Amino acid sequence: AKGFNDMPAGELAKHLRHPDMRVRLRAQIALAGDVANREILLAATASSEPLTTRLHGVWGLGNLARIKGDKDAAKELAKLTGDSEAKVRGQAAKALGDSGYKEALDAAITLLADPDLRTRMLAAIATGKLGTKAEVPVLMAVVKDNDDKDEYLRHGVIQGMIEIGDADVVYAFANSESPAVRRAVVLALRRFKDGRIGTFLKDTDLSIAVETVQAINDNYIE
């Protein structure tokens, strides 16, 4: 009732362990309003803390890195991509991608081979946000390895390529022997609304041809 912004940092830190997520979130946001609270948020990510508290610590560091441009917070997030808990690794990657901290690109790429598929998906999106067209082949390798088994991972990779924003580099994989890669090219060109998607109307894999028809129809691609 008194509001969070005038609450002492020590009290806000305690609220990161509150059972109600709304309270935890408000405490996180209030702490992330000042770079001086970085150590409090970092302490919340400790492995001894409950998972919910750890995640708010990660998100708070992400707020500092994204809104305040705090590179030290971003560096701590990069370290957390090596955490033993998959959800912490994944959210750290997501926060890094949103922060625009380019130096964390290698950490995001490393997570593309993570044993947890959701973490890989988040790492793929972060790779796109932090990378350049040079990372498109890396993302395509993930698509090929996935072989259409996990649709969420495929979505993350395609979103990563959309974030990079170079349709020419994506189209360079149009003649791949891998159906999964060709399908990814179609789905990316769909998002780009690129007319070269018409190439795949004659694909030898009927499901890819159908995907192409749907893309052209749904997005009014000339």
Side-chain angles (χ1 to χ4, degrees), residues 62 65-66 74 77-78 81 89-90 92-222:
R66 177 172 57 85
L77 285 170
T81 60
R89 296 195 302 272
K94 182 178 186 298
L96 283 168
D98 292 340
S99 75
Y101 183 64
K102 301 292 186 181
E103 290 84 347
L105 176 59
D106 287 344
I109 290 175
T110 298
L111 288 182
L112 293 175
D114 195 89
D116 180 71
L117 290 175
R118 180 177 174 81
T119 300
R120 277 191 231 173
M121 177 194 74
L122 294 171
I125 298 173
T127 297
K129 289 182 176 181
L130 299 175
T132 65
K133 63 182 182 180
E135 275 63 59
V136 171
V138 177
L139 292 172
M140 283 298 188
V142 176
V143 169
K144 184 176 181 179
D145 181 65
N146 181 50
D147 197 25
D148 285 331
K149 294 184 181 71
D150 189 280
E151 294 179 355
Y152 295 97
L153 176 55
R154 182 178 65 200
H155 163 73
V157 173
I158 291 166
Q159 184 60 36
M161 289 189 283
I162 297 301
E163 293 289 346
I164 291 171
D166 195 314
D168 291 340
V169 179
V170 172
Y171 187 70
F173 289 85
N175 295 321
S176 172
E177 294 181 1
S178 167
V181 170
R182 298 200 307 278
R183 191 186 314 279
V185 174
V186 168
L187 292 171
L189 293 180
R190 172 191 177 116
R191 297 281 299 281
F192 285 124
K193 294 188 176 182
D194 192 306
R196 287 175 290 184
I197 196 172
T199 303
F200 296 92
L201 289 168
K202 299 179 181 180
D203 198 275
T204 54
D205 186 319
L206 183 59
S207 67
I208 294 176
V210 170
E211 190 82 58
T212 304
V213 171
Q214 292 173 332
I216 293 170
N217 179 72
D218 295 346
N219 282 16
Y220 303 98
I221 301 172
E222 293 293 336

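It should be emphasised that the depicted structure is a prediction, and the values quoted were computed from it without experimental measurement.
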Beyond-backbone contact of [X] with [Y], side-chain heavy atoms, under 4.5 angstrom:
X: Thr81; Y: Thr110; result: no
X: Ile216; Y: Leu201; result: yes
X: Val210; Y: Gln214; result: yes

| task | Would you give the length of the straight line joining atom CD of Gln159 to atom NE2 of His155, rounded to the nearest 0.5 angstrom? | result | 5.5 Å
Going by side chain to side chain contact (heavy atoms under 4.5 Å, CB included), name the residues that satisfy it together with [X], two or more places apart in sequence or in a different chain.
X: Lys193; answer: Asn219, Ile221
X: Pro179; answer: Arg182, Asp205, Ile208
X: Lys202; answer: none
X: Asp150; answer: Leu117, Asn146, Tyr152, Leu153

Of all the heavy-atom pairs spanning [X] and [Y], show the shortest one and how long it is.
X: Ala188; Y: Ile162; value: O-CD1, 3.7 Å
X: Gly156; Y: Ile125; value: O-CG1, 3.5 Å
X: Ala126; Y: Ala93; value: CB-O, 3.3 Å
X: Pro115; Y: Arg89; value: CG-NH2, 4.3 Å
X: Leu96; Y: Ser99; value: O-OG, 2.7 Å
X: Ala65; Y: Leu77; value: CB-CD1, 4.4 Å

| task | Name all residues meeting the side chain to side chain donor-acceptor pair (under 3.5 Å) criterion together with Asn217; count only those two or more places apart in sequence or in a different chain, and write none if there are none. | result |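 Side chain to side chain donor-acceptor pair (under 3.5 Å) check on Asn217 returns nothing, list empty.
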| query | Which is it for Arg191 and Met161 under the side chain to side chain contact (heavy atoms under 4.5 Å, CB included) test, yes or no, and what are the steps along the way? | reply | CA-CA 10 Å; Arg191 297 281 299 281; Met161 289 189 283; over 6 Å; no
| query | Considering residues, nucleotides and ligands other than Lys133, do more than 12 of their heavy atoms fall under 6.0 Å from its NZ? | reply | no
| task | Apply side chain to side chain contact (heavy atoms under 4.5 Å, CB included) to Val143 and Leu139, showing your working. | result | CA-CA 7 Å; Val143 169; Leu139 292 172; 5.9 Å; no
| query | Taking only residues at least two apart or on different chains, which pairs with a member in residues 154-174 satisfy salt bridge (charged side-chain N to carboxylate O under 4.0 Å, His left out)? | reply |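 Salt bridge (charged side-chain N to carboxylate O under 4.0 Å, His left out) check on residues 154-174 returns Asp148-Arg154, Asp168-Arg196.
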| task | Give a yes or no on whether a salt bridge exists between Arg190 and Asp218, defined as a side-chain N under 4.0 angstrom from a carboxylate O. | result |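 Yes.
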| query | How would you list all residue pairs meeting side-chain hydrogen bond (donor to acceptor under 3.5 Å, both in side chains) that involve residues 115-132, not counting sequence neighbours? | reply | Asp98-Lys129, Asp116-Thr119, Thr132-Glu135
Check residues 170-177 and write down every donor-acceptor pair under 3.5 Å in which the side-chain atom is one partner and the other belongs to a residue at least two apart or another chain.
| unit_1 | atom_1 | unit_2 | atom_2 | d |
| --- | --- | --- | --- | --- |
| Tyr171 | OH | Thr199 | OG1 | 2.9 |
| Ser176 | OG | Ser178 | N | 3.1 |

